[in-house]
Protein chains: 2
Amino acid sequence: METTADGADPRVRAWAPVCQAIALLLGPYAEVVLHDVASDRVLGVWNPMSRREPGDPSLLGELDRLEPSAHDVYGPYQKLLSDGRRLSSVSAVLRDAEGRPSAVLCVNLDRTPLEQAAAVLAGFAAPSQPRPEALFEQDWTERVHQVVGSFVRERGRPVDRLGREDRLAVLSELDQAGVFAVRRAAPVVAGALKVSRSTLYALLAELKAQRNDS
Amino acid sequence: METTADGADPRVRAWAPVCQAIALLLGPYAEVVLHDVASDRVLGVWNPMSRREPGDPSLLGELDRLEPSAHDVYGPYQKLLSDGRRLSSVSAVLRDAEGRPSAVLCVNLDRTPLEQAAAVLAGFAAPSQPRPEALFEQDWTERVHQVVGSFVRERGRPVDRLGREDRLAVLSELDQAGVFAVRRAAPVVAGALKVSRSTLYALLAELKAQRNDS
DNA sequence: TCCATGGTTGGACTATACGTCCAGATTGGA
DNA sequence: TCCAATCTGGACGTATAGTCCAACCATGGA
């Protein structure tokens with residue numbers, strides 16, 4: 001089960017027990033990977049799910065893009081394996097005695113079995129039609145801002161610097177979601193998008209035209 | 001655990017084993033009720049969840065409105081207990097030797113523990129941010145009818161025979177759920193409740209007054 | 001620098017939907 | 001039968017949803 005570099009790295013010696021413990025605890029559905037930051041290579045893998053071996057490139061260059069949730073801990077964020085399995089991942093930066101980052105510990109948990117189990121439980125004797133949730137989003141206003149916010153984060157520029165296409169995209173998303181079926185939605189969305197009500201309707205009309213063309 | 005009418009009804013004698021078996025199988029979370037069709041009363045209850053006893057009115061007059069999914073079997077459909085528990089219910093028409101309906105067997109399964117378990121599993125190590133769901137209910141119209149429908153089923157009388165208090169109750173539920181935040185909701189609800197738009201607003205005003213009193 | 005162009009804006013304006021009100025019709029008892 | 005409570009259709013005023021347009025930037029090319 002354990003696979004570590006031949007020439008036993010001191011860091012591996014130091015962290016192996018933790019890695020192995022986690023791998024054992026989470027059973028066959030979690031893999032633990034220890035990365036070398038400097039060389040960006042895998043130091044060791046416990047319970048490998050992705051055929052990676054020590055010495056392989058780590059490919060975690062995107063780690064620094066994630067905003068650190070304090071204490072050198074990242075995630076949980078979602079990864080997608082090529083075979084479609086969804087993983088929940090957390091990463092932790094391990095520092096040496098001097099406080100310099102020396103390794104990164106990643107735990108990848110395969111959520112598919114859990115999700116399947118949840119689906120089974122949820123579907124047990126479930127009435128075919130109705131969903132039990134609240135009929136409608138209570139603070140849809142908040143949700144609108146969330147949608148706009150996440151889009152903005154994706155594009156990496158503030159709301160009032162979004163291009164026309166961007167705004168069309170967000171609007172399309174919101175429209176599909178049915179926001180404009182709720183009262184007083186238009187001014188709120190316009191506000192969230194930092195556009196006038198007029199423009200809002202103009203863009204909306206454009207979307208409709210686009211749909212009719214295709 | 002078992003509660004049946006004193007003067008042992010032949011139908012109870014005939015069906016009691018089945019009822020008890022189901023009640024045992026589904027543990028503490030399911031109740032089995034045997035109804036008399038003719039007198040519309042309860043014949044027996046196994047594992048009672050709703051304090052009903054033999055001789056109580058059945059309140060399932062609405063059963064014949066449900067479209068039979070063939071073979072005298074109805075459901076599963078959703079019921080709502082006053083304390084908020086959600087039940088999945090199935091009903092079966094039991095016929096005598098001559099093929100005439102003699103009793104109705106209902107199984108009510110409390111889904112809340114299952115749903116809680118499902119929520120736990122689904123939430124396990126789930127990435128915190130992104131919700132994949134649609135922002136808003138697309139066919140809320142359908143949902144309104146479902147809510148009204150399930151209420152009607154509970155009360156056991158068709159929509160246009162509901163009392164004032166009943167309508168107030170349904171309305172309160174719908175209002176809490178935020179239905180009236182969506183455009184064009186008022187006429188739809190009025191239609192589903194078989195009342196005029198005027199009455200709808202009158203009842204709504206009464207609800208508001210009630211809330212302000214307390 | 002000036003202009004042309006495409007997009008945005010505030011405001012005016014119409015069409016719907018919302019919510020209130022009331023006189024007359026209905027309903028369910030005493 | 002009559003009364004009281006309730007419901008109803010329609011009229012009405014207000015708020016919100018959409019449309020339209022002239023004036024107003026911003027950008028880029030001449």
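In what follows, chains carry the letters A, B, and so on, assigned in the order in which the sequence lines appear, proteins first and then strands, with residues in each chain numbered from 1.
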Taking atom P of C:dG7 as reference, at what distance in whole Å does atom CG of A:Leu171 sit?
-> 15 Å

Is there side-chain contact between A:Gln210 and A:Leu168, with heavy atoms separated by less than 4.5 Å?
-> yes

Picking from B:Val144, B:Thr199, B:Val170, what satisfies side chain to side chain contact (heavy atoms under 4.5 Å, CB included) with B:Leu193?
-> B:Val170

Taking only residues two or more places apart in sequence, or in another chain, which ones meet A:Glu173 in a salt bridge (Lys or Arg N to Asp or Glu O under 4.0 Å)?
-> none

Remember a base hit wins even if backbone is also touched, and classify A:Ala185 as base, sugar-phosphate or nothing at under 4.0 Å, heavy atoms.
-> sugar-phosphate

B:Asp160 CG - C:dT26 P separation (whole Å) | 17 Å

Flag the pair A:Leu171 / A:Val189 as yes when at least one side-chain heavy-atom distance between them is below 4.5 Å, and no otherwise.
-> yes

Starting at CG of A:Leu162 and ending at C1' of C:dT8, how long is that distance when rounded to a whole Å?
-> 15 Å

How close or far is atom C1' of D:dC7 from atom CD of B:Glu165, stated in whole angstroms?
-> 15 Å

Just by distance, with hydrogens left out, do A:Asn108 and A:Glu31 show a side-chain donor and acceptor under 3.5 Å apart?
-> yes

B:Arg161 vs B:Phe180, nearer the 5' end of DNA chain C by closest nucleotide | B:Phe180

Does any residue of residues 198-208 of chain A have a heavy atom under 4.0 Å from DNA chain C, and if so, which ones, in number order?
-> A:Ser198, A:Thr199

Report the distance from atom CZ of B:Arg167 to atom C1' of D:dC7, rounded to the nearest whole Å.
-> 9 Å

Electrostatic pair A:Asp166-A:Arg157, nearest N-O below 4.0 angstrom = yes

Between C1' of D:dA4 and CZ of B:Arg164, the distance in whole Å | 13 Å

Heavy atoms only: give me the nearest A:Ala186-A:Phe180 pair and the separation to one decimal.
-> CA-CE2, 4.2 Å

Rounding to a whole Å, what distance do you find between A:Arg183:CZ and D:dT14:P?
-> 16 Å

Measure the distance from CZ on A:Arg184 to P on D:dG18 and round it to the nearest whole Å.
-> 14 Å

N or O in side chain of B:Arg197 less than 4.0 angstrom from C:dC21 OP1/OP2 | no

